[in-house]
Number of protein chains: 2
Amino acid sequence: MSSAVVGLNAVIVSVGDTAPQVLVVSSGEGWALPSGQLAADDRTLDLALRRYVRDQTALELGYVEQLYTFGDLGRVPDERQRLLSVAYLALTRADEPSSNARWLDCYELLPWEDHRAGRPAVLDELVDPAVNAWADEVGAGEGGEARRQRGDIVFAFHDAPWDGVRVLERYELLYEVGLLTEAPGPSSATTIDSVPMRFDHRRMVATALGRLRGKLTYRPVVFELLPDTFTLLQLQRLVEALAGVALHKQNFRRLVERARLVEGTGDTLQTGGRPAELFRFRREVLTERPRPGVGVPWSL
Amino acid sequence: MSSAVVGLNAVIVSVGDTAPQVLVVSSGEGWALPSGQLAADDRTLDLALRRYVRDQTALELGYVEQLYTFGDLGRVPDERQRLLSVAYLALTRADEPSSNARWLDCYELLPWEDHRAGRPAVLDELVDPAVNAWADEVGAGEGGEARRQRGDIVFAFHDAPWDGVRVLERYELLYEVGLLTEAPGPSSATTIDSVPMRFDHRRMVATALGRLRGKLTYRPVVFELLPDTFTLLQLQRLVEALAGVALHKQNFRRLVERARLVEGTGDTLQTGGRPAELFRFRREVLTERPRPGVGVPWSL
DNA sequence: TCTTCTTATGCTCGCACTGAGTATAACCCC
DNA sequence: GGGGTTATACTCAGTGCGAGCATAAGAAGA
């Protein structure tokens with residue numbers, strides 16, 4: 001029987017003032033996701049993850065979901081060794097990380113994903129030409145067209161619609177065209193700068209953000225990231241931060257109220273303008289609707 | 001560094017005359033999914049999977065997607081050993097399995113999932129009372145209500161809507177209430193009978209069916225299971241088989257044509273009634289729509 | 001040939017939801 | 001009170017969908 005070294009990684013997401021953020025710890029080669037080993041007496045992978053995250057960061061995780069298992073040769077510098085890593089997504093409200101850990105803004109790692117203030121310039125200035133050059137590599141024939149079409153789909157060139165969920169596909173395409181390097185190394189003029197992260201940990205963050213953006217639209221996961229009561233604008237800002245797009249305020253309000261996702265508490269909160277009513281998540285919605293979520297443009 | 005035995009499993013899905021089916025091979029303890037070991041020189045997990053499936057079943061896989069990694073202690077009879085299994089979903093049109101393999105009807109394994117001819121009686125006759133008894137175990141208080149609510153959500157009791165995607169949640173709840181046993185063993189009057197499968201392979205099938213039903217609604221995966229040209233009724237029957245629900249014929253037609261998912265070829269096929277036009281998948285839809293899929297009731 | 005059965009295809013209501021925008025309310029500060 | 005700010009209510013047009021009616025085009029049998 002063959003065996004491999006098995007590791008676990010946690011992409012722990014919370015939301016700061018303006019953007020989603022992931023918990024990272026410092027490592028020799030840039031920042032790293034909290035990682036651990038599976039111990040012989042961990043009954044389940046989930047429990048192992050919770051255990052070592054508690055040990056390393058003093059954080060008690062709430063929502064936890066398995067993301068993906070990475071096992072390609074060459075994902076770690078040592079070519080001989082295969083490291084199998086099971087990555088998890090975890091959500092938490094906690095905002096005070098322990099000593100050697102810190103929150104890292106997701107959009108520092110993946111700047112092309114934030115469209116709240118419009119389409120990032122880097123897409124048309126850097127990515128578009130790079131994808132075109134990459135398509136030209138294989139000639140103007142079939143293969144080139146397929147490459148161009150793939151670029152159009154994931155980056156929404158030529159009037160194709162932007163799909164916020166395709167975070168991982170964008171990451172992988174950027175990697176293929178040579179605009180980003182996986183392991184920390186010298187960044188050049190032809191790569192998109194970012195905070196260096198260990199191994200393929202940035203890819204794990206991309207996987208997590210994509211999954212989260214998808215789940216947003218059909219499961220009430222946002223409420224894992226909010227306090228028990230909140231104003232509708234707080235909820236909206238949170239959804240916008242995760243989805244990476246701006247939303248129409250009145251329609252957002254109508255959506256969550258008519259979907260009966262939230263219920264008013266009667267209390268209000270001072271805001272600087274007219275006081276806002278405080279709402280709470282309405283748990284009963286789980287039995288009423290098949291896919292209770294918040295609705296962003298790409299959920300149709 | 002800790003290490004574990006690592007296996008790969010493939011849930012290979014095709015669609016027969018009336019139902020989705022998975023490829024199984026015979027094993028000492030009932031049927032088993034094709035499984036393999038990761039070899040040291042397999043560059044990626046995908047490639048390893050394709051390699052051993054080719055060796056074992058002489059099948060060349062098309063669409064392949066990682067499903068989930070199973071690693072709980074106790075999923076295999078030997079309590080000491082931890083077996084980590086990375087399960088994959090694969091789609092294929094091939095209908096002739098090799099010697100020791102055969103196609104097994106998904107709804108023989110998961111009979112409560114097929115609602116095409118109405119809600120299966122087993123849900124209200126067997127599952128409902130069992131869930132109620134299970135809820136009563138913890139008293140009529142908070143815990144009991146939570147259990148009952150969970151039953152309502154996943155099995156659509158008390159007017160809750162049926163959500164075809166929650167295959168795995170249903171499987172897990174049935175397991176918790178004691179209506180099915182994971183490893184092959186004596187079935188009793190209080191368990192739902194089914195074909196015995198090795199280890200937790202039936203759980204893997206449930207995972208695969210759930211994933212497939214979800215993907216159906218936002219990616220054109222059905223066409224992986226169809227010949228190049230097909231009639232709209234063939235397409236509809238296929239979607240119905242996977243989704244486990246019956247669809248309105250005229251509306252289905254309108255949906256796929258207006259979404260521009262398919263295009264007519266001009267040819268027709270004899271059917272027993274008026275000849276049907278043959279259609280093909282319209283690849284350009286990938287750049288036009290963010291989530292090209294077929295639309296089933298739970299996709300809203 | 002005429003009838004009946006079967007499948008395919010076209011079309012039309014009515015409802016629900018959505019995008020976009022206008023209008024009004026309720027607080028702050030000065 | 002005026003102006004800024006945020007909250008909340010409401011309207012209107014377009015779109016998508018569930019449900020059903022109607023017609024077309026073949027096969028099979030009387």
Side-chain angles (χ1 to χ4, degrees), chain A residues 17 115 161-162 164 217-218 229-240 243 245-280 285 288-300, chain B residues 17 115 161-162 164 216-218 229-240 243 245-279 285 288-300:
Chain A
D17 286 336
H115 289 229
W162 176 258
T217 67
Y218 63 94
T229 66
F230 45 82
T231 68
L232 293 185
L233 189 59
Q234 285 171 347
L235 177 61
Q236 182 181 348
R237 291 292 176 239
L238 171 59
V239 172
E240 288 176 331
V245 294
L247 300 172
H248 185 286
K249 188 170 179 174
Q250 296 93 320
N251 290 345
F252 180 82
R253 168 183 214 81
R254 180 177 62 187
L255 191 85
V256 295
E257 287 205 283
R258 275 227 325 215
R260 307 198 61 193
L261 262 179
V262 297
E263 60 189 358
T265 63
D267 298 333
T268 59
L269 185 74
Q270 300 303 343
T271 61
R274 170 174 169 177
E277 183 171 7
L278 284 168
F279 289 79
R280 75 168 69 88
V285 77
E288 296 163 1
R289 309 202 145 234
R291 310 183 75 217
V294 286
V296 288
W298 59 77
S299 65
L300 291 192
Chain B
D17 287 335
H115 289 227
W162 176 258
L216 217 57
T217 67
Y218 61 95
T229 65
F230 45 82
T231 68
L232 292 185
L233 188 59
Q234 285 171 348
L235 177 60
Q236 181 181 347
R237 292 291 177 240
L238 171 59
V239 172
E240 289 176 330
V245 294
L247 300 173
H248 185 285
K249 189 170 180 176
Q250 295 92 322
N251 289 346
F252 180 81
R253 169 182 213 82
R254 179 177 62 188
L255 192 86
V256 294
E257 287 204 282
R258 275 227 326 213
R260 307 198 60 193
L261 262 179
V262 297
E263 60 189 358
T265 63
D267 298 331
T268 59
L269 186 74
Q270 299 303 344
T271 62
R274 170 174 169 177
E277 183 171 7
L278 284 167
F279 289 80
V285 77
E288 296 163 1
R289 309 202 145 233
R291 311 182 75 217
V294 285
V296 287
W298 59 77
S299 65
L300 290 191

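Bear in mind the structure is a predicted one, so any value in this text is a computation, not a measurement. Letters A, B, ... are given to chains in the order of the sequence lines, protein chains preceding strands, and every chain is numbered from 1.
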Starting at atom [atom1] of [X], determine the distance to atom [atom2] of [N], rounded to an integer number of angstrom.
X: R291(B); N: dG16(D); atom1: CZ; atom2: C1'; result: 15 Å
X: L255(A); N: dC17(C); atom1: CG; atom2: P; result: 10 Å
X: H248(A); N: dG21(C); atom1: NE2; atom2: P; result: 7 Å
X: L269(B); N: dT9(C); atom1: CG; atom2: C1'; result: 16 Å
X: F252(B); N: dG18(D); atom1: CZ; atom2: P; result: 12 Å

Per-nt protein contacts along nucleotides 6-12 of chain D (heavy atom under 4.0 Å; B base, S backbone sugar-phosphate only, - none) come out as BBBB-B-

Would you be so kind as to tabulate the donor-acceptor pairs closer than 3.5 Å made by side chains of residues 256-270 of chain B, with sequence neighbours excluded?
unit_1  : atom_1 : unit_2  : atom_2 : d
E263(B) : OE2    : R280(B) : NH1    : 3.4
T265(B) : OG1    : D267(B) : N      : 3.2
T265(B) : OG1    : L278(B) : O      : 2.9

Taken in chain and number order and not counting sequence neighbours, the residues that satisfy side chain to side chain donor-acceptor pair (under 3.5 Å) with Q236(A) are E240(A)

### Partner set under salt bridge (charged side-chain N to carboxylate O under 4.0 Å, His left out) for E277(A), not counting sequence neighbours
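Per chain and number, E277(A) pairs via salt bridge (charged side-chain N to carboxylate O under 4.0 Å, His left out) with no residue.
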
- Item | Residues that L255(A) engages under side chain to side chain contact (heavy atoms under 4.5 Å, CB included), provided they are two or more places apart |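 L255(A) satisfies side chain to side chain contact (heavy atoms under 4.5 Å, CB included) with no other residue.
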
Side chain to side chain contact (heavy atoms under 4.5 Å, CB included) filter on L238(A), not counting sequence neighbours, yields V15(A), V222(A), L225(A), L226(A), L242(A)

### Task
Would you kindly compare Q270(A) and R258(A) by the position of their nearest DNA chain C nucleotide and give the one closer to the 5′ end?
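Whichever sits nearer the 5' end wins; that is R258(A).
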
Heavy atoms of H248(B) and N251(B) approach each other most closely as ND1-N, 3.1 Å

